[in-house]
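One structure below.
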There are 2 protein chains.
Amino acid sequence: MSLSFKQKRFLDFIRRHTLIHGQSPSYEEIMAGLGFGSLGTVNWYVRVLTERRHLYRTKGPNGKRALTLTEQEHATPATLPLLGLIAAGYPIEALENAESIDVPAPLVHPDNFVLKVKGDSMIEEQIEDGDYIIVRKNPTAKPGQIVVALINGEATLKYYYPTDTGVELHPRNPDYPVIHVHKSDDFSINGILLYSFREY
Amino acid sequence: MSLSFKQKRFLDFIRRHTLIHGQSPSYEEIMAGLGFGSLGTVNWYVRVLTERRHLYRTKGPNGKRALTLTEQEHATPATLPLLGLIAAGYPIEALENAESIDVPAPLVHPDNFVLKVKGDSMIEEQIEDGDYIIVRKNPTAKPGQIVVALINGEATLKYYYPTDTGVELHPRNPDYPVIHVHKSDDFSINGILLYSFREY
DNA sequence: ATACTTACGAGTAACTTACGAGTATTTGGA
DNA sequence: TCCAAATACTCGTAAGTTACTCGTAAGTAT
C-alpha cells in the first residue's frame, strides 16, 4: 500500500498548493506545477490515488478544485508503528523498517504498537492472515484480558487467568484446549490486545 | 466541505461589512462591493452558501439585512456515524441516534459509514458478533470488490462478480455456495466493504 | 411606497472525466 | 540471467459538469 516517489511528489504538490493558495489546485495548475504535458497524466494520478484513498473530493465527483488529501489530519498523525509479524506458535518476527499504520486516534499511545498476523494459525480466534492487531506493551495483565504471550519463545493470543499455582491461558474458542503454564516454562506477557482490524 | 476561492471571498465580504457597518449588507451592497452585475449572482451565492450551512438569516427567510455567518465550528474528529446493525440474511436495522465511532483518519469520508455486526451469521467470513465494518456507500461496484448487498431485502457480504446473465456473489470462504442473482430477485448494492475491526 | 429578498431562464468559462494509445520501469519465473 | 508480463507513468483531445454570471420580474416586510 505504499506510494511511489512520483505519487508522493504529486500529493505533496497538492498539500503545498492548498496551504499557500487557500484552495486546491486545478488539473491545469498541477500539470504546470509538475511539468506534465497532458491533463490525462494528472487525471491518471488522481484516479489511482483516489482508489487507494490518499485523495478524495470534498464536493462529490467532478467537484471543482475539491481535491483533498486524506492524510490532511496527519498534522497529528494518528498512526502506530508496525513492529512485526505474529503467527501462533512461532516467535514474533521483527520488522526493520517500522512502517506506520493509520489507527483510530484514541488508540495512539507511546506504549501501543501494531502487529501483522501471518498465516492462518489464529483462525480459530477469528483472526486470519493479513489482519492487524493493536497491542499495548505491558508485562502484566488483569485476569480476563486477552494477552499476547510468549511461552518458551512462541507467541500466542489468549485470555489470561492467573491461578495459585501458575497461569492458565484460555482460547477465545472453547473448542480448543486451555494451556497451563508451569514454573518450568519460560513465560512472559508481551502486551494486551486492544483492537484488531482488516483492510479490504 | 471546503469552499471555493470566490465563495470565501463572498463570506469575507459579509463578515467585514457587518463588522464595519454594524449590520449585514443588502444584496445591492454585496453586488457593488464584489463587482457583480446582477442581483441574481448574489442570490446564487446566498443560496448555495445557505445550503452548505455557512450562512443563515437571523430573522427567518426573507428577513432583511439578516445574513449572518455560521462561524466555523468543528475541529474535525476522526469519527464516522454508526448507522445500523447488520446480520446476514436479515434486513439492515437502522439505528436512530447515530452515535459516532472512532476510525482511522483516512477512512473519514462523507460517503463512509459504520455498521455493527449482529449475531454470528457472518462467522464464515471471519466476521463475528460485535465486530464493526466500514462501508463506502455506493450503488455500483467493480468486479472482485466485497459489497454489502441486499437480495430481496436481506443483507449479505460477498465478493461481487457481474456476469452476462446477472450477478454472482462469492463468499470469502470457498466452502460456502456461490449465490446467483436472477432478474426476478430484488437486488441492490448498498456499498463497498473497506475495513473491519474489533475492540477487545 | 420603499427597501429590500426570491424566483426563473439561460449563457459561459472553468474545470473535470473519458478514451485510446504509447513508453518506461519492476517483478516473477523459466 | 534473461524474457515476459504486469505495473507505473505519459501524452492528446473531446466530451461532460459545475461554478459562476447575467437580466428581469415578482414577492414581502416595514
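Letters A, B, ... are given to chains in the order of the sequence lines, protein chains preceding strands, and every chain is numbered from 1. Below, each value reflects all heavy atoms present in this structure, side chains not excepted, and no hydrogens, waters or symmetry copies.
Counting non-hydrogen atoms of neighbouring residues, nucleotides and ligands closer than 6.0 angstrom, the CG atom of Asp175(A) exceeds 12 such neighbours. Around the CZ atom of Phe5(B), the shell of radius 6.0 Å holds no more than 12 heavy atoms that belong to other residues, nucleotides or ligands. The environment of Phe13(B) atom CZ is dense: over 12 non-hydrogen atoms of other residues, nucleotides or ligands sit within 6.0 angstrom.
With rounding to whole Å, Trp44(A) atom CH2 is found 18 Å from dT16(C) atom C1'. A straight line from CD1 of Ile30(B) to P of dT6(C) spans 11 Å, rounded to a whole angstrom. Rounded to an integer number of Å, the gap from Glu29(A) CD to dT16(C) C1' is 13 Å. Atom CE in Met31(B) sits about 13 Å away from atom P in dC4(C), given to the nearest Å. Distance, Gln7(A) CD to dT25(C) C1': 13 Å, rounded to whole Å. Phe36(A) places its CZ atom 15 Å from the P atom of dT16(C), with the value rounded to the nearest Å. In this structure, Ile14(B) places its CD1 atom 13 Å from C1' of dT5(C), rounding to the nearest Å. For the pair Leu49(A) CG and dT17(C) P, the computed distance is 14 Å after rounding to whole Å.
Among all heavy-atom pairs drawn from Leu55(B) and Val46(B), the shortest one is CD1-CA, 4.3 Å.
Under the 3.5 Å distance criterion, the side-chain polar atoms of Arg65(A) are left unmatched by any main-chain donor or acceptor of Leu3(B). Side chain of Gln7(B) to backbone of Ser4(B): a donor-acceptor contact under 3.5 angstrom is found.
Out of dC4(C), dA18(C), dT6(C), the shortest distance to the side chain of Tyr27(B) is found at dT6(C).
Residue Arg65(B) places at least one side-chain N or O closer than 4.0 Å to OP1 or OP2 of dC4(C).
The aromatic rings of Phe187(A) and Tyr160(A) lie parallel to each other, their planes meeting at an angle below 30°, with 60° marking the opposite boundary.
Where Leu39(B) and Arg47(A) meet DNA chain C, the nucleotide closest to each residue was compared, and Leu39(B) sits on the side nearer the 5' end.
Among the atoms of the strands shown, none is found under 4.0 Å from any heavy atom of Glu28(B). As judged by a 4.0 angstrom heavy-atom cut-off over every strand, Gly40(A) is placed among the base-contacting residues. Using a 4.0 Å heavy-atom cutoff across all strands shown, Thr41(B) reaches at least one base atom of the nucleic acid.
Heavy-atom contacts of chain B under 4.0 Å fall on DNA chain D between two terminal nucleotides, which in 5' to 3' order are dA19(D) to dA29(D).
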